[in-house]
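Single-structure report; data block below.
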Amino acid sequence: MNVKPEGWAWAGRLAAFAGLFIAFGLVFGFATAVIAGLPGAEAAESIDWRTVAPVLVAACAATWLLAVGIDRRPLSALGLRPGPPGLLELGSGVLAGLAIIGAAILALIAPGWVSWTVSAAPVLEGLNVSALLLVAAFTEELLFRGYPFRVLHLRFGPVPAVAATSVAFGLVHGANPGVTPLALVNLTLAGVLLGVAYWRSGSLWFVTGLHFGWNWVMAASGLPVSGLDVSVSGLEAAVTGPVLWTGGAFGPEGALMITFATVLGTAWLWRVAGSRSRSGSRLSTTTGSPDDNGGSLDASG
């Protein structure tokens, strides 16, 4: 950014981002609906794609216009490094997500609260849903840990940025099927986990991988993902444990087990992501000289 968003300039930037996102979302959503309804056009394989794709394009367009077009910053200033470095960060995030949510599911298996039956599952359908989960994770990270986080971080510092985006992240899932007060708390804590990972690593690819890995493990285990029935494998889970610890119909994210896993995972990522950023160059939070190589969002960088 050319100038630090003093006063109420930060609010103007966030309002511009929200306005552009909504406007683009309406345009692209309408275009998608029209194309899907054209004579001779095949129906979409999944209504989720027709819902997610316009949101993704709108988020990308709003981010590019404000970060690159208006603020004159490279996308790497948001933690989107191109090429192999970005892919490596994405892969590292996926492994971190697998580890955190995998540990929580193992804790549910130990007392026998979850068991599985196996049925045939089309490979292509599993790949399709996996791709959808990746796109959805990237879209949400653009909206919550991308440009808005950057604006809040520059104006108020990392802790308020993490807090504000985490609350918004939790509330936006409030309409999901079967949501409970504990689920909203856990999703807000998940926002804290993702926000801390972004703050410490400076990589939007890393948190996208983390988000995707988290959701993919639940889907591959046949468990609901934030109350949604999403499956990428032939595993069908039978949950028999207490709802307080298993989450019931909402899935593990509505369980006390995830509360502990998220808190411990956040502490772990504080160290791991911070160590990763120290191995490379930090991403400066000053407005004069962006560091295109990625790194921590710490102001001391």
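As the structure is a computational prediction, the values presented were derived from the model and not from experiment.
The minimum heavy-atom distance between V192 and S166, with the atom names listed, is N-OG, 3.0 Å.
Here the side chain of N176 pairs no donor or acceptor atom with the backbone of L228 at under 3.5 angstrom.
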Side-chain donor-acceptor contacts of residues 239-247 below 3.5 Å, not counting sequence neighbours, with atom names and distances?
residue, atom, partner, partner atom, Å
T246, OG1, P242, O, 3.0
T246, OG1, G248, N, 3.4

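Side-chain contact check for E253 versus N215: some heavy-atom pair is nearer than 4.5 Å. The side-chain heavy atoms of R145 and F169, taken from C-beta on, include a pair separated by under 4.5 Å.
The line from CE of M257 to OG1 of T262 is 12.0 Å long, rounded to the nearest 0.5 Å. Residue L132 holds its CG atom at 12.5 Å from CG of L127, rounded to the nearest 0.5 Å.
Taking the six-membered ring where tryptophan is involved, the planes of W205 and F138 are essentially parallel, since the angle between them stays under 30° and well short of 60°. Note on ring orientation: taking the six-membered ring where Trp is involved, the planes of F149 and H153 are tilted (angle from 30° to 60°). Relative orientation of the F24 and F28 rings is parallel, given thresholds of 30° and 60° on the angle between their planes.
The neighbour count for L106 CG, taken as heavy atoms of other residues, nucleotides or ligands under 6.0 Å away, is above 12.
Cation-pi geometry between R73 and Y147 is not met: the NZ or CZ atom fails to fall both under 6.0 Å from the ring centre and inside 45° of the normal.
Listed by first and then second residue, the salt bridge (charged side-chain N to carboxylate O under 4.0 Å, His left out) pairs involving residues 238-251 amount to none (not counting sequence neighbours).
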